[in-house]
Participant: 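Before I ask anything, let me first share the structure, which is written out below as structure tokens.
Every number for a ligand or one of its atoms is a count from 1 in the order of the listing. Since the structure is predicted, the reported quantities are computational estimates derived from the model, not experimental observations.
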Amino acid sequence: MPDDAVLTAERAHLDLAAACLHSMRTATIATVDAGVDAWASERLGAARAERLRSLAADPGAPPFFGRTDTPDETFHVGRRHVRDAAGDPVVIDWRAPMSRPFYQASAADPQGLTRRRRFGFAEGRLTSYEDESLTGDDGPSELLKEEIERPRSGPMRDIVATIQPDQDDIVRAPLAESICVQGAPGTGKTAVGLHRAAYLLYTHGEQLARTGVLVVGPNRAFLRYIEQVLPALGEVEVDQATVADLTGRVPVRAQDPDDVAVLKGDARLADVLHRALWRGVAKPTDSVQVPLSGRRYRIPVERLRRCVDDLRRADISYGAGRERLALSLAEDARRQKEEAGGSPTDAETRRCARSAEVRAFCDEHWPAVDAAALVAAVLADPSVAGSALTAAEQDLLRRAPARSVRATRWTAADAVLVDEVAGLLERTPGYGHVVVDEAQDLSPMQCRAVARRLAAGSLTVLGDLAQATSPWSVADWTQTLVALGRPDTVVRPLTRGYRVPAEVLEFANRLLPTLVPGLAPATAVRSEPGSLQLRSVPSMAGPVAEVVQQVAEGSVGIVCADADVPGLVAALAAEGLAVAALADDGDEPARVVVVPATLVKGLEFDVVVVVEPAAIVAAEARGLHRLYVALTRAVSSLVVLHRGELPELLAG
Ligand SMILES: Nc1ncnc2c1ncn2[C@@H]1O[C@H](COP(=O)(O)OP(=O)(O)OP(=O)(O)O)[C@@H](O)[C@H]1O
């Protein structure tokens with residue numbers, strides 16, 4: 001039982017922290033612009049706006065959630081640093097090195113702490129606390145359990161108050177280190193990746209403010225689900241995108257059959273496109289005359305050849321090479337004129353580089369290329385692949401050309417190819433750190449699209465091979481990490497499942513040996529007797545409606561095969577239950593929602609109803625993996641309803 005005197009003292013500290021935070025805000029608003037110059041004013045204004053944003057108190061988030069005691073000192077740990085008027089810390093930021101023992105100390109390694117205290121809040125009020133003496137076995141944290149089981153509504157929450165030691169190791173790994181987290185469902189991969197982004201922005205703010213941080217997720221519904229986490233941690237400047245967003249240079253209006261999509265996603269296509277692009281560069285066979293300030297200069301063929309050869313070998317993009325070629329010709333003319341005693345100006349030299357003669361030479365020997373047109377040409381005639389693709393593969397790729405490039409019915413895989421070529425034409429600006437979630441589903445070509453956005457920075461790759469549902473999915477991480485350009489990335493497992501109760505996880509784990517032989521199953525941190533129900537039913541809508549009506553609070557996801565969504569929504573409406581289907585448009589979902597199985601990845605609900613598992617399995621080639629995803633979305637309970645037989649592996 002919490003001691004009232006302790007609660008009273010902690011509440012007083014909470015009030016102090018809130019008051020200090022308020023003063024910090026007021027002081028920031030009042031920061032005087034000394035009016036040195038416009039640039040200084042602008043910088044000051046931007047810094048002030050940034051600071052105000054980071055100080056904006058989230059009314060639902062208390063200033064601290066934990067406390068560490070050493071024999072000499074006590075620190076409260078919270079979402080951001082709070083100091084009093086004298087500058088002394090009232091709350092330390094969870095990312096500061098001093099906060100580390102809060103997450104890492106254990107009985108085996110107390111890290112100088114004599115006590116760790118966690119606080120429980122209800123509606124912003126401090127209502128409980130939990131002490132760990134760190135001298136023996138304090139048992140599992142009740143507050144952690146409560147935090148996980150707090151009913152969900154709306155988007156994902158941060159886990160800053162309860163990050164566990166194995167997760168904290170990943171969150172605080174150095175910026176230079178790329179990490180691949182292989183973790184079973186609900187082990188906190190997404191949470192860890194987002195907290196790592198926040199940690200890196202705090203620790204390397206200046207460096208990352210310049211280069212930025214990007215989070216890549218599988219679809220809009222998922223991005224919508226996670227979008228509040230980083231702002232809640234005070235980080236608003238992180239870009240979040242799907243691979244489709246990143247590669248959206250052409251409108252996607254068609255879908256490839258699986259075998260074609262697999263081939264288009266194959267890393268060999270990068271070689272094919274590279275070859276197709278560079279074969280347009282032709283060896284000069286004749287000298288050329290170029291105009292410079294009223295005279296014409298002949299550039300001999302050997303010199304032209306050397307120019308082209310040197311630029312081909314240079315580590316520059318195709319587009320930059322073309323520009324440099326024009327400049328090289330103009331420079332050659334300038335040198336000739338100087339040798340003859342003239343002194344052409346820079347402007348005259350630039351004009352020469354833009355002259356019709358130089359342009360004509362470049363068009364012939366280093367032609368301008370449009371990325372979409374090049375991909376359309378390769379698809380119309382894949383023979384350019386040469387030995388990189390077999391004859392059968394070239395046939396698979398071949399497609400009758402559209403009336404025009406604009407009329408081409410592009411697929412998502414085509415868009416990635418167009419982006420690849422665009423990256424060859426011009427360097428894509430890169431971020432300082434990229435977090436890639438659900439990475440097990442990326443094709444090698446999609447990985448390359450992500451890697452292009454990475455510059456010299458590092459990666460956090462998150463995924464689970466058992467949840468791999470795309471047709472190119474692989475059974476280990478090597479290929480993905482190679483295509484992401486970081487082959488030496490260490491794969492770190494997370495094996496403690498926070499989301500799913502043991503009863504449900506063990507049920508889903510029956511599929512695991514078939515999905516990825518040898519992959520270690522996760523162990524659930526909580527057990528909830530009665531959390532799994534399997535029911536054979538004569539019809540669906542009635543039993544689904546019944547389950548939903550029994551859930552008073554928290555979110556409910558009704559998951560079924562994509563093709564069954566409209567029928568189920570209509571049947572539920574006929575039962576008097578108006579629920580919408582989750583759409584991939586990023587709109588906020590309702591508390592109760594019907595979810596097409598292909599959209600459920602990465603999401604979670606307090607209660608999940610899986611409708612006709614056999615239909616989910618039958619709907620696609622990797623349907624069993626999809627079912628595993630669907631069965632591992634529940635925080636409190638999973639109800640499996642089936643009219644037909646259960647899939648054999650589950651029936652056992
Ligand atoms: N240390 C923690 N404290 C409290 N809650 C946690 C903790 N770690 C994870 N969780 C919760 O567990 C749930 C699952 O986390 P998350 O979605 O990050 O897992 P995941 O590994 O990405 O899952 P999946 O692969 O199934 O998508 C979330 O509700 C998250 O808030």
Participant: Have a look at ligand 1 and work out which part of Thr190, if any, has a heavy atom under 4.0 Å from it: side chain, backbone, both or neither.
Facilitator: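 Both backbone and side chain.
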
Participant: Which of the atoms of ligand 1 are close to Gln164, meaning less than 4.0 Å from one of its heavy atoms?
Facilitator: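 Ligand 1 atoms under the 4.0 Å threshold to Gln164: 1 (N).
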
Participant: Contact between Ser637 and Glu528 at the side-chain level, heavy atoms closer than 4.5 Å - yes or no?
Facilitator: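 No, too far: nothing below the 4.5 Å cut-off.
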
Participant: Checking contacts here: is it the side chain or the backbone of Ile163 that comes within 4.0 Å of ligand 1, counting heavy atoms only? Could be both or neither.
Facilitator: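 Near ligand 1, Ile163 shows its backbone, while the atoms from C-beta on stay back.
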
Participant: Numbering the atoms of ligand 1 from 1, which are under 4.0 Å from a heavy atom of Ala191?
Facilitator: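 Near Ala191, meaning under 4.0 Å from one of its heavy atoms, ligand 1 has 18 (O).
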
Participant: Would you say the side chains of Tyr431 and Asp239 form a donor-acceptor pair under 3.5 Å?
Facilitator: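 Checked: Tyr431/Asp239 side chains pair up, N/O donor to acceptor below 3.5 Å.
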
Participant: Would Arg157 count as being in polar contact with ligand 1, using the rule that some N or O on each side must be under 3.5 angstrom apart?
Facilitator: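 No, Arg157 has no N/O under 3.5 Å of an N/O on ligand 1.
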
Participant: Do Ser178 and Thr460 make a side-chain contact, defined as non-hydrogen atoms from C-beta onward lying under 4.5 Å apart?
Facilitator: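 Ser178 does not reach Thr460 side chain to side chain.
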
Participant: Number the atoms of ligand 1 from 1 as they appear, then name those within less than 4.0 Å of a heavy atom of Glu438, with their elements.
Facilitator: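 Close to Glu438: 27 (O).
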
Participant: Regarding Thr469 and His625, is there a side-chain donor-to-acceptor distance under 3.5 Å anywhere?
Facilitator: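 Side-chain D/A pair, Thr469 to His625: absent.
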
Participant: List ligand 1 atoms under 4.0 Å from Ala184, heavy atoms only on the residue side.
Facilitator: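 Numbered from 1, ligand 1 contributes 21 (O).
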
Participant: Which atoms of ligand 1 have any heavy atom of Arg499 under 4.0 Å away?
Facilitator: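 The list of qualifying atoms is 12 (O), 13 (C), 14 (C), 16 (P), 17 (O), 19 (O), 23 (O), 24 (P), 26 (O), 27 (O).
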
Participant: Kindly say whether the aromatic ring centers of His76 and Phe65 come within a distance under 6.0 Å.
Facilitator: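 Distance test on ring centres: not under 6.0 Å, no.
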
Participant: Count the heavy atoms of every other residue, nucleotide or ligand shown that sit under 6.0 Å from CD of Gln255, and state whether that count exceeds 12.
Facilitator: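 Count not over threshold, so no.
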
Participant: If the contact criterion is a heavy-atom separation under 4.0 Å, does Gly463 count as touching ligand 1?
Facilitator: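 Not so, Gly463 does not reach ligand 1.
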
Participant: Does Thr162, backbone or side chain, put an N or O under 3.5 Å from an N or O of ligand 1?
Facilitator: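 For ligand 1, there is an N or O atom that lies under 3.5 Å from one belonging to Thr162.
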
